[in-house]
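Notes follow once the structure below has been shown.
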Amino acid sequence: MVATLVVFRILYFVIPFGISISIMGTRELWLNVVQPWQQRRRLSEAYTAEARVRQAGQQPATLKRES
């Protein structure tokens, strides 16, 4: 009978708790680590591309002036 109670507790309390903690942890990791990293990478690539254009002696399309 004690074994039945232990199995019941594991099936109905411990496993769902572990699953919910895993889901919440994954979400927090995504929001606080992966997304900021992707945003920094996009900004870095944009600035690098603009620097390459300037280094080549041309103005980027966003800064061109019509004469």
Side-chain angles (χ1 to χ4, degrees):
M1 183 160 153
V2 174
T4 304
L5 290 174
V6 169
V7 170
F8 173 80
R9 294 252 178 186
I10 289 173
L11 289 175
Y12 289 100
F13 294 109
V14 175
I15 292 175
F17 179 73
I19 291 171
S20 64
I21 291 295
S22 299
I23 291 170
M24 288 174 55
T26 303
R27 179 183 179 274
E28 289 297 320
L29 181 74
W30 179 262
L31 292 176
N32 294 315
V33 176
V34 175
Q35 283 185 343
W37 173 75
Q38 288 177 343
Q39 291 171 353
R40 283 192 310 268
R41 195 178 79 191
R42 279 190 218 114
L43 287 174
S44 174
E45 289 173 354
Y47 286 124
T48 305
E50 186 175 329
R52 284 187 200 139
V53 170
R54 285 186 181 173
Q55 194 174 29
Q58 303 171 352
Q59 289 183 342
T62 57
L63 299 176
K64 282 187 179 178
R65 296 182 184 163
E66 295 181 20
S67 300

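We're numbering straight along the sequence, starting at 1.
Linking ILVMFWY side-chain heavy atoms closer than 4.5 Å, directly or via other members, places Met1 and Val7 in two distinct hydrophobic clusters. Residue Val33 is not grouped with residue Leu43 when hydrophobic side chains (ILVMFWY) are merged at heavy-atom distances under 4.5 angstrom, including chains of intermediate members. Linking Ile, Leu, Val, Met, Phe, Trp and Tyr whenever their side-chain heavy atoms come within less than 4.5 Å puts Phe8 and Ile15 in one cluster. By the criterion of side-chain heavy atoms lying less than 4.5 angstrom apart, applied directly or through intervening Ile, Leu, Val, Met, Phe, Trp or Tyr residues, Ile19 is grouped together with Ile10 in one hydrophobic cluster. Hydrophobic cluster membership differs between Phe17 and Phe13, with clusters built from Ile, Leu, Val, Met, Phe, Trp and Tyr side chains linked at under 4.5 angstrom.
Between the side chain of Thr48 and the main chain of Ser44, a donor-acceptor pair closer than 3.5 Å is present.
In this structure, Arg9 CZ and Thr4 OG1 are separated by 13.0 Å, a value rounded to the nearest 0.5 Å. Rounded to the nearest 0.5 Å, atoms CG (Asn32) and CZ (Arg27) are 8.5 Å apart.
Apart from Trp30 itself, the hydrophobic cluster it occupies contains Leu31, Val34, where clustering links Ile, Leu, Val, Met, Phe, Trp and Tyr at side-chain heavy-atom distances under 4.5 Å.
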